[in-house]
Amino acid sequence: MFLRRVIVISGMALAMAGASPSQADLLGRGVTFQVLTYDDPARPLFEGTVHRARIGDKPEFGLRFEGVQNELDVVPVLVDISADRIEISYASAPPGELWPAVFNGYVLTFDHGCAVIGAARVDRGFTTLPFDNKRVRLEADVLKLNVSGLKYDKTSRIGIELDLIPCPES
């Protein structure tokens, strides 16, 4: 049975459509991924390409250098999103340090679906960088991961666990 519901957030109606009420995961959902760097959000230092994928059983994004903006460029990363988690690997990047800024990181925007992302937190057992929950911000279907100033090498990785709220049965 196909379900459709509307959630009102800040006075704006967002259509939420998905599969059956029992599907409380992200598989099959569309997602965009962008690298963004700023000290003032109104004046970004770097705005990477917005990449789009459908969440499945293989890595969704394999970012490479995109071109210099204000002396900054994308650090190559591999991003794998599964039913309820995100894994980011720096295995294809030369060792270095991510530019220090108010925000330098990743913006993932999930298409609306039946399951709503209720919370996101760092998987400390998987994550090898000094990346904590203060660097994770969830606003509706947009997840922002701030990697500003972190040093990384080919073994560095970040794991994010997602708590999903399934559609209510009707």
Side-chain angles (χ1 to χ4, degrees), residues 9-12 14-15 26 28-56 58-82 84-113 116-164:
I9 301 174
S10 302
M12 181 172 70
L14 299 175
L26 298 174
R29 179 140 352 146
V31 62
T32 62
F33 183 91
Q34 180 183 30
V35 175
L36 182 63
T37 306
Y38 61 78
D39 286 322
D40 174 357
R43 297 179 55 190
L45 299 168
F46 185 91
E47 286 184 273
T49 302
V50 176
H51 301 275
R52 181 156 189 74
R54 184 142 320 270
I55 299 169
K58 60 183 179 182
E60 282 68 30
F61 305 103
L63 270 64
R64 300 283 180 234
F65 299 111
E66 292 185 2
V68 176
Q69 297 174 31
N70 296 313
E71 300 181 26
L72 301 174
D73 199 351
V74 169
V75 170
V77 293
L78 182 66
V79 182
D80 190 8
I81 305 170
S82 63
D84 62 357
R85 84 182 267 113
I86 301 165
E87 294 180 356
I88 299 171
S89 167
Y90 292 84
S92 61
E97 183 175 351
L98 297 158
W99 187 262
V102 169
F103 183 86
N104 180 11
Y106 313 122
V107 179
L108 292 97
T109 304
F110 296 88
D111 288 355
H112 304 300
V116 176
I117 301 172
R121 67 187 170 286
V122 177
D123 176 351
R124 289 301 325 146
F126 180 85
T127 301
T128 60
L129 293 170
F131 185 87
D132 60 26
N133 288 321
K134 294 177 195 166
R135 292 175 172 268
V136 178
R137 189 168 67 210
L138 177 64
E139 301 167 354
D141 290 320
V142 178
L143 180 63
K144 296 179 179 179
L145 306 173
N146 192 351
V147 295
S148 175
L150 296 178
K151 291 181 181 178
Y152 62 89
D153 61 27
K154 291 187 176 294
T155 64
S156 298
R157 60 184 193 228
I158 297 170
I160 304 293
E161 296 175 339
L162 303 172
D163 292 335
L164 301 172

Quiz item: Any donor and acceptor pair, going by atom type alone, linking the side chain of Gln34 with main-chain N or O of Gly48 inside 3.5 Å?
Solution: yes
Quiz item: Are a donor atom and an acceptor atom from the side chains of Arg64 and Ser92 found within less than 3.5 Å of each other?
Solution: yes
Quiz item: Listed by chain and number, what are the side-chain hydrogen bond (donor to acceptor under 3.5 Å, both in side chains) partners of Glu71, not counting sequence neighbours?
Solution: none
Quiz prompt | Partner of Ile86 by side-chain contact (heavy atoms from CB on, under 4.5 Å), out of Ile158, Leu26, Val31, Leu143 | solution = Leu143
Quiz item: To the nearest 0.5 Å, what is the distance between CD (Gln69) and CD (Glu47)?
Solution: 7.0 Å
Quiz prompt | Qualifying salt bridge (charged side-chain N to carboxylate O under 4.0 Å, His left out) pairs with a residue from residues 117-131, counting only residues at least two apart or across chains | solution = Arg85-Asp123, Arg121-Glu161, Arg121-Asp163
Exercise. Rounded to the nearest 0.5 Å, what's the gap from CZ on Arg135 to CG on Leu129? Could you check?
Key: 9.0 Å
Quiz item: What residues form a side-chain hydrogen bond (donor to acceptor under 3.5 Å, both in side chains) with Glu66, not counting sequence neighbours?
Solution: Thr49, His51
Practice problem: State which residues pass side-chain hydrogen bond (donor to acceptor under 3.5 Å, both in side chains) with Thr32; sequence neighbours excluded, sorted by chain then number. | Solution: none
Exercise. Under the ring pair (Phe, Tyr, Trp, His ring centres under 6.0 Å) rule, collect the residues that match up with Phe46, sequence neighbours excluded.
Key: none
Self-check item: Validation row: Arg137, Asn146 side chains within 4.5 angstrom (heavy atoms)
Solution: no
Quiz prompt | Asn70 side chain vs Leu45 backbone, donor-acceptor pair below 3.5 Å | solution = yes
Exercise. List in chain and number order the residues that pass side-chain contact (heavy atoms from CB on, under 4.5 Å) with Glu97, two or more places apart in sequence or in another chain; answer none if no residue qualifies.
Key: Lys151
Quiz item: Under the ring pair (Phe, Tyr, Trp, His ring centres under 6.0 Å) test, which residues partner Tyr38, sequence neighbours left out?
Solution: Phe103
Quiz prompt | Residue from Val74, Asp73, Val75 passing side-chain contact (heavy atoms from CB on, under 4.5 Å) with Phe65 | solution = Asp73
Quiz prompt | Within residues 128-152 or reaching into it, pairs that qualify as ring-ring contact (aromatic ring centres under 6.0 Å, His included) - sequence neighbours excluded | solution = Tyr90-Tyr152
Exercise. Please assess Leu108 against Leu145 for the test side-chain contact (heavy atoms from CB on, under 4.5 Å), listing each intermediate value before the final yes or no.
Key: CA-CA 8 Å; Leu108 292 97; Leu145 306 173; 4.1 Å; yes
Quiz item: Counting distance only, does the side-chain N/O of Asp132 pair as donor-acceptor with the main-chain N or O of Val122 below 3.5 Å?
Solution: no
Exercise. Over all heavy atoms of both residues, which pair between Gly105 and Val147 is shortest? Give the atoms and the distance, please.
Key: CA-CG2, 3.9 Å
Quiz item: If you round to the nearest 0.5 Å, how far is CD1 of Ile160 from CD1 of Ile88?
Solution: 6.5 Å
Practice problem: Might you point out which heavy atoms bring Ala101 and Thr37 nearest each other, and give the distance in Å? | Solution: CB-CG2, 3.8 Å
Quiz item: Is the backbone N or O of Asn104 less than 3.5 Å from a side-chain atom of Ser148, with the two atoms forming a donor-acceptor pair by type?
Solution: no
Quiz prompt | side-chain contact (heavy atoms from CB on, under 4.5 Å) against Ser89, all qualifying residues, sequence neighbours excluded | solution = Leu78, Ala91
Quiz prompt | Pairing residues for Asp111 by the side-chain hydrogen bond (donor to acceptor under 3.5 Å, both in side chains) criterion, not counting sequence neighbours | solution = Arg52
Quiz item: For Glu60, what residues pass the side-chain contact (heavy atoms from CB on, under 4.5 Å) criterion, not counting sequence neighbours?
Solution: Ala53, Ile55, Asp80, Ile81
Practice problem: Search all heavy atoms of Ala93 against all heavy atoms of Pro76 and return the closest pair with its distance. | Solution: CB-O, 3.4 Å
Practice problem: Could you tell me which residues satisfy ring pair (Phe, Tyr, Trp, His ring centres under 6.0 Å) with Phe33, sequence neighbours excluded, listed by chain and number? | Solution: Phe61, Tyr106
Practice problem: Ignoring hydrogens and angles, tell me if any N or O in the side chain of Asp39 forms a donor-acceptor pair with the backbone of Val102 under 3.5 Å. | Solution: yes
